[in-house]
Protein chains: 2
Amino acid sequence: MQALNINITIEPHFFTKDPASTDLGKKIVRHSIEMINELGFEAFTFRKLGVAIGSNESSIYRYFESKHALLVYLINWYWSWIEYKLVFVTTNIPSAKEKLNNAIVLLTQETIEDTNVSFINEVLLHKIIISESSKAYHTCDIDAENEKGFYKTYKRVVQRVSSMVLEINPSFEFPHMLVSTVIEGAHHQRYFSEHIPALTDVVKGKNNIVRFYTDLVFKSIS
Amino acid sequence: MQALNINITIEPHFFTKDPASTDLGKKIVRHSIEMINELGFEAFTFRKLGVAIGSNESSIYRYFESKHALLVYLINWYWSWIEYKLVFVTTNIPSAKEKLNNAIVLLTQETIEDTNVSFINEVLLHKIIISESSKAYHTCDIDAENEKGFYKTYKRVVQRVSSMVLEINPSFEFPHMLVSTVIEGAHHQRYFSEHIPALTDVVKGKNNIVRFYTDLVFKSIS
DNA sequence: TTTAAGATGAAAGTAATACTATTATATTTG
DNA sequence: CAAATATAATAGTATTACTTTCATCTTAAA
């Protein structure tokens with residue numbers, strides 16, 4: 001996909017101060033993505049990030065109230081970006097099946113190029129989504145956070161693809177289950193293929209994950 | 001399932017001292033399951049557990065070297081128990097389809113009764129598996145731990161069910177992906193249905209999750 | 001050009017976590 | 001009954017995830 005002059009806008013309740021609005025903010029986000037990838041979310045701290053960007057811990061807290069909040073911001077950025085790409089690959093496609101196919105490919109494929117849409121490296125961000133995003137919603141605060149709309153963007157993506165499923169088969173009972181199974185499943189399979197290969201059948205270089213989930217979707221809704 | 005006089009045996013490398021071998025050990029495991037459920041894994045600490053069982057933090061460390069190790073123990077206990085039940089519901093079933101069907105039902109259904117097989121409450125343990133198990137394998141130590149066989153029991157269950165898939169369709173390319181997708185998917189759907197319902201189509205009281213995944217499996221392998 | 005508002009930095013402090021280490025006291029076993 | 005083993009009590013450590021306070025630096029309007 002070619003780079004357009006677009007920008008992913010993130011709603012104000014995902015940050016204390018908009019990181020996209022300042023140099024320091026962008027630096028915080030950019031380097032946090034790198035560091036979370038390198039260290040994992042647990043070992044990543046605002047102190048270490050501060051040292052890495054030559055800034056102070058307390059300054060970072062002016063943008064994000066906690067490292068959990070930063071992760072939620074990143075997750076929402078990711079889903080906003082996916083939503084944008086989803087609209088892009090499904091607009092003006094007359095065939096409902098082709099539309100859904102494009103959507104499933106988008107949701108299950110590897111991210112291999114940084115589109116330079118922004119100050120965010122999408123390849124690394126996708127890796128964070130795969131390895132760390134479950135830590136954002138497996139908390140005891142999930143219910144309160146869900147009410148505040150923390151997972152709205154993700155839900156919207158699921159809703160859009162579910163509608164495509166219903167376009168093809170209006171009587172299919174479980175479109176949301178199917179779509180969220182595919183999304184979470186693809187993430188798991190990518191993680192397993194790298195770390196617990198006995199749980200997958202992934203051969204490196206082949207697009208097995210995309211093919212598996214595409215088949216799964218079309219067979220189960222027919 | 002009726003209670004048999006069986007016991008789930010856990011391999012020695014999952015503990016420092018076998019909790020099944022002493023009263024204190026059983027107390028540690030029993031109460032840790034309760035507390036992890038109440039507080040979530042993050043807020044659960046050995047200190048709190050010690051207070052709850054009227055014992056000392058340092059005594060708990062003699063059984064498990066860390067709270068992560070305790071979680072890995074619980075996960076292995078769960079999968080050993082599932083493996084036992086899996087063998088139970090698939091033995092002496094001549095039809096390959098019925099066998100696989102029984103397996104999928106077992107993997108996707110809710111656990112509603114504590115079988116009293118042991119000192120472990122399986123209903124609560126299943127909830128921990130759903131909410132917390134991903135925290136065990138989403139660590140930076142995953143590769144080392146996988147090599148040490150930390151996830152062997154889980155892999156064995158996936159392998160058994162994958163074989164059943166191949167019995168029905170020997171040319172199916174992705175049996176492990178299918179089975180791990182179903183297992184992880186069912187856990188996610190149960191979690192989502194309680195906390196982020198927009199991501200599912202689950203109606204309370206109905207066995208939608210079981211039905212959805214059973215259909216999914218049989219449609220995709222046919 | 002001054003000024004004052006806002007952004008950032010430096011430094012110190014806090015409560016809690018996830019352990020470890022040491023020593024004392026029970027309890028069991030041979 | 002002694003020795004071995006299990007458990008408890010206590011204290012200590014390094015780190016985390018923040019918070020607070022105050023100083024300084026920047027910048028943009030008066």
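Each chain gets a letter, A, B and so on, in the order its sequence line appears, and its residues count up from 1. Bear in mind the structure is a predicted one, so any value in this text is a computation, not a measurement.
- A distance below 6.0 Å separates the ring centres of B/Y73 and B/F64.
- Between D/dA8, D/dA17, C/dC19, one nucleotide has an atom nearer to the side chain of A/T45 than all others, and that is D/dA17.
- Using a 4.0 Å heavy-atom distance criterion, A/Y63 is classed as a sugar-phosphate-only contact.
- The side-chain contact (heavy atoms from CB on, under 4.5 Å) search around A/D143 returns B/H195, not counting sequence neighbours.
- The CZ atom of B/F41 sits 13 Å away from the P atom of C/dT17 (whole-angstrom rounding).
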Close N or O pairs between protein and nucleotides 9-13 of chain D (under 3.5 Å):
residue, atom, partner, partner atom, Å
D/dA9, N7, B/N56, OD1, 3.4
D/dA9, N6, B/S58, OG, 3.4

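- A 4.5 Å side-chain heavy-atom check between B/F192 and A/N146 finds every atom pair outside the cut-off.
- To the nearest angstrom, C1' of D/dA17 lies 12 Å from CZ of A/F44.
- Here B/K148 does not pair with B/E145 in a salt bridge; the nearest charged N to carboxylate O distance is not below 4.0 Å.
- Here C/dT17 presents its C1' atom at 14 Å from CD1 of B/I60, a figure rounded to the nearest Å.
- Both tests hold for A/K67 against A/F41: distance to the six-membered ring centre under 6.0 Å, angle to the ring axis within 45°.
- Atoms NZ (A/K67) and C1' (D/dT15) sit 11 Å apart, rounded to a whole Å.
- Put simply, B/K17 has a side-chain N or O that comes within less than 4.0 Å of OP1 or OP2 on D/dT7.
- By the ring-ring contact (aromatic ring centres under 6.0 Å, His included) test, A/Y213 pairs with no residue at all, sequence neighbours left out.
- Nucleotide C/dC19 holds its C1' atom 15 Å from the NE2 atom of B/H68, rounded to whole Å.
- For the pair B/I53 CD1 and D/dT7 P, the interatomic distance rounds to 10 Å; values are reported in whole Å.
- If you measure from atom CG of A/L49 to atom P of D/dT15, you get 18 Å, rounded to the nearest angstrom.
- Ring orientation note: the planes of B/Y78 and B/H126 are close to parallel, at an angle under 30° on the 30°/60° scale.
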Polar atom pairs (N or O), protein with nucleotides 25-30 of chain C, under 3.5 Å:
none

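- Annotation: side-chain hydrogen bond (donor to acceptor under 3.5 Å, both in side chains) contacts involving residues 13-24 of chain B, sequence neighbours excluded, comprise B/T22-B/Y63.
- Within the 4.0 Å cut-off from OP1 or OP2 of C/dA16, not a single side-chain nitrogen or oxygen of B/K48 is found.
- Atom pair A/F46:CZ and C/dG9:P shows a separation of 15 Å (rounding to whole Å applied).
- In this structure A/D201 satisfies the side-chain contact (heavy atoms from CB on, under 4.5 Å) test together with B/F174, B/P175, B/H176, B/M177, sequence neighbours excluded.
- Proximity note for B/Y61 (side chain, C-beta onward) versus D/dA17, C/dA18, C/dT8: the nearest is C/dA18.
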